[in-house]
Amino acid sequence: MRVASNMSVDRSLYDMEAAADRLTRVQEQISSGKHLNRPSDDPAHVAQDLSLRAAQSNITQFQSNIATARAFIGTADNALSQVSTLLRQARQLAVQGATDTLDPTARQGLADQATSILQQIASLGNAQIGDRYVFAGRRTSAPPFQVQGTKVTYVGGTAASGDASINVEIAPGEVLQINAPGDQAFEGIFDTLNRLANDLSTGQISSLSQNDLSAIDRAIANVNGTRAVFGTNVQRLDQTKTRLDDASATMAALQSKIEDADIPQAVVALNEAQNAYQAALAATARGFQQSLLDFLR
Amino acid sequence: MPGSFSGIEIGARALSAYQGLIDLTGHNIANVNTPGYTRQQGELQSSPPDDPLNGIPAAVGTGVELAAITGVRDRYLQSRLDAALSDQSRYDQLHTVLQRVQAAYSEPNAGALSDLLTQFFNSFQAISANPEDVGTRQVALNQANALATRFRALWADLSSAAQDAASQIQDRIAQANQIARQVADLNAHIAAVAAQKGSTSDLEDQRDQLVQQLGKLVGAEASPVRDARGIATGAVNVTVGGFLLVDGNESASLPTTTTLVAGIPALGNDQSAYPMSGGEVAGLVEAQNHIAQYQSQLNGLASALITQVNQIHQAGYGLDGSTGRAFFRGSGAADIAVDPAVAADPKTIAAASAPAPGMQPAPGDGEVARAIADLASARIVNGATLTDAYAAHVARVGSDVAAAISQATNAAALSQQLQALRNTISGVSLDEELTHMIQYQRAYQAAARIVTVMDDLLNRVINGMGQ
């Protein structure tokens, strides 16, 4: 084949450019640690990559929702635990008051204690996390229990008005009610305690030993029932969180598989590209050293 | 019987022929690096006896003459090279524009549209878990604003890429028209030189270069003009998809509008379209078409987002009791924005559902915010979620760029090979030229010797005889 003087120049330029281009691309992979730096690097997988990123970002949000829900339930449960303790104290008062050996002053003392328990429980009914009243249904910005003397009125959201439940999405499509509205969680407590105080101060022994005791027991059972639901919900939150953590880890692994450069492989490729580039440079430098001119005088 | 001075004339003719060849060698060497130069060859021809018909049996010829100088060219190869270069220019241009477009998306990265879309829905999820909190609402407003701004910026980037492509198309067409005029002028020039049996190779090289540029610009193709007897006149006609750009000594102006004919970029309009086989303008028209499709898809996404969010939002209630408000205004990616009234007060974000009759909306009600957040997983764009539809859109941009890159690479490899092939035929080899130079130099020296010998002989006859 006839060889023109420019052919080796053209070829060398082409090869050097190609080698430099390969080298740059491998270097980018190594320095960014990413195989997928722009959609055209891997068009077949970029959509999956974006979906994985979105799903992980979603999970982060759901985990934040779970944390919010957990704190909310925790606050309510803590309040109900104290309510339960106070109700047991009230039960003690009923048992004490049911004996007929007490003088009126002592009875009144017990009645005062019952009233104080009522007020403490009403105050627990207005428990808050941040600015939110946890027993107010969705009417979270105002105290759900209004107290006037010993009269306690519930003004929070109710099932009847459709604003009782606070629902939080804890995983895609999975919604959990995190609250117990005050009218349900504190059902009958205030009437029972008012009657207890009244029976104590007036010495209604039979009422104390029968009606009041059983009413207090029912209230305790109701509170414990609500707490049991809370317990189940916290368990579900924990399980969901674990599940989301696992999913997130799996997705991160998948994403890394798509996005990340295979560094050992990239380093090998870098060496190859470097060698090819050097070889192209060396060939170019040597290729033009001689011509017939060197032998003409 | 030859004349006394015919020997000197033979020598003189040889000297002149070899002088010409050495000059030609010099010309070839001088143009070793000239793009598009075709090496030239001299044709030596023996010169017949002065009077071959006078019946003398031993008539000696009159030496040598340089009959013609021709370029060593392969027209077929040249046109294949032009076509390959035209292809290469097309895909280079397409790939340049699309890469710029792809960069505007800046995917996959935090802060890109895909991320902002997810963050937007997440921020409503956060409101739904904590609807009373004004800070959480403010975060959602910021996210919504970032998302809308990103949509608009991306739209603007795509628009300006399309506009740049449009003005580049006009530049290229104007350039092509100018070059076409030069080709027509050269056609006339070459015909004039050829008519006087002059050497046209250098002019043809110039014209080939211009035709090649036309190919790179608008995918033009040249064909030799033949006369009625089928003999090439030396002129070339240049066409672009059937449009006669150069007709002998005349040139036309290309249409300045572009269109697509069955997906193929073309000059002209739907009534009279001239499809381009390659060239930068073809690449630019293709790029414009891609961008228009990207914009239409983006618009579809933005408009689905606006419609769906607004529909839910309008049914909801803000912390301030307001209802019936649109969250986004605008109708697509170009003008999407957070409604100014909502943007001014985070309390107006309608997170709550409708209250029971006679009741105020409940501040702890995040049902509507959750419904908006759940749009993230709703199949609202042609059966896909917004995120997935957008991801598919990005994948399409990526695969368009990847395809353009591989087409450009392949076209470059092909034209590199054809260029090398052309060089094996038409390129200057210095070794070859130097060898010729030695050859011609020797012949020149020998011819000079003939002249000296003849001079000696004549000297003897004129000055030495009779003394």
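Every chain is numbered from 1, with letters handed out A, B, ... down the list of sequences.
Most heavy-atom pairs under 4.5 Å with chain A: of the set B:Val401, B:Asp400, B:Asp431, this distinction falls to B:Asp431.
Distance check, rounded to the nearest 0.5 Å: CG of A:Asn65 to CG of B:Asn122 gives 8.5 Å. Rounding to the nearest 0.5 angstrom, the gap separating the OH atom in A:Tyr14 from the CD atom in B:Gln417 is 8.0 Å.
Contact annotation for B:Ser377: neither backbone nor side-chain heavy atoms come within less than 4.5 Å of a heavy atom of chain A. Heavy-atom distances place both the backbone and the side chain of B:Gln125 under 4.5 Å from chain A. B:Leu117 does not touch chain A: none of its heavy atoms, backbone or side chain, sits under 4.5 Å away. The parts of A:Leu293 that come within reach of chain B are both its backbone and its side chain, each placing non-hydrogen atoms under 4.5 angstrom from that chain. Residue contact with chain B, scored on non-hydrogen atoms closer than 4.5 Å, is absent for A:Ser64. Contacts between B:Pro357 and chain A at a heavy-atom distance below 4.5 Å are absent for every atom of the residue. Using a 4.5 Å cut-off between heavy atoms, B:Ala103 makes no contact with chain A at all. The contact between B:Arg39 and chain A is made entirely by side chain atoms (from C-beta outward), counting heavy-atom distances below 4.5 Å. Both the backbone and the side chain of A:Asn167 come within less than 4.5 Å of a heavy atom in chain B. Only the backbone of B:Val428 comes within contact range of chain A, judged by heavy atoms closer than 4.5 Å. With a 4.5 Å cut-off on non-hydrogen atoms, B:Glu432 touches chain A through its side chain but not through its backbone.
Counting non-hydrogen atoms of neighbouring residues, nucleotides and ligands closer than 6.0 angstrom, the CD atom of B:Gln360 reaches no more than 12 such neighbours. For OH of A:Tyr277, the number of neighbouring non-hydrogen atoms (other residues, nucleotides, ligands) closer than 6.0 Å is 12 at most. Atom CD of A:Gln265 is surrounded by 12 or fewer heavy atoms from other residues, nucleotides or ligands within 6.0 Å.
Taking non-hydrogen atoms and a 4.5 Å limit, the residue list of residues 237-256 of chain A in contact with chain B is empty. Applying a 4.5 Å heavy-atom cutoff, the residues of residues 53-61 of chain A that approach chain B are A:Arg53, A:Ala54, A:Ser57, A:Asn58, A:Gln61. Within residues 26-40 of chain A, the residues having any heavy atom less than 4.5 Å from a heavy atom of chain B are, in residue-number order, A:Leu36, A:Asn37, A:Arg38, A:Pro39, A:Ser40.
Inter-residue side-chain proximity for B:Glu433 and A:Ser5 is flagged as unmet; no heavy-atom pair is nearer than 4.5 Å. Counting heavy atoms from C-beta on, the side chains of A:Leu50 and B:Glu107 come closer than 4.5 Å. Side-chain contact between A:Arg11 and B:Gln416: present, with at least one pair of heavy atoms (C-beta onward) separated by less than 4.5 Å.
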* Show the numbers, then the answer: is there a side chain to side chain contact (heavy atoms under 4.5 Å, CB included) between A:Glu169 and B:Asp374? => CA-CA 9 Å; A:Glu169 196 165 353; B:Asp374 283 348; 2.4 Å; yes
* To do: Before giving the answer on side chain to side chain contact (heavy atoms under 4.5 Å, CB included), spell out for B:Asp388 and A:Ser51 the whole-Å C-alpha distance, their side-chain angles and the decisive distance to 0.1 Å.
  => CA-CA 6 Å; B:Asp388 285 351; A:Ser51 296; 3.0 Å; yes
* Can A:Asn6 and B:Asn33 be said to form a side chain to side chain contact (heavy atoms under 4.5 Å, CB included), step by step? -> CA-CA 7 Å; A:Asn6 268 341; B:Asn33 290 323; 3.1 Å; yes
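The two residues B:Ser353 and A:Arg138 have their closest heavy-atom pair at OG-NH1, 3.7 Å. Pairing each heavy atom of A:Val3 with each of B:Ser429, the nearest pair is O-CB, 3.4 Å. What you find for B:Ala392 and A:Ala47 is that their closest heavy atoms are N-CB, 4.2 Å. Between B:Gln419 and A:Asp10 the shortest heavy-atom distance is CG-OD2, 4.0 Å. A:Ala4 and B:Asn423 get closest at one heavy-atom pair: CB-O, 3.3 Å. Taking both residues in full, the closest heavy atoms of A:Arg132 and B:Pro131 are given as NH2-CD, 3.6 Å, listed atom of the first, atom of the second, then distance.
Residue pairs meeting the ring-ring contact (aromatic ring centres under 6.0 Å, His included) criterion with at least one partner in residues 44-71 of chain A, sequence neighbours excluded, do not occur; the list is empty.
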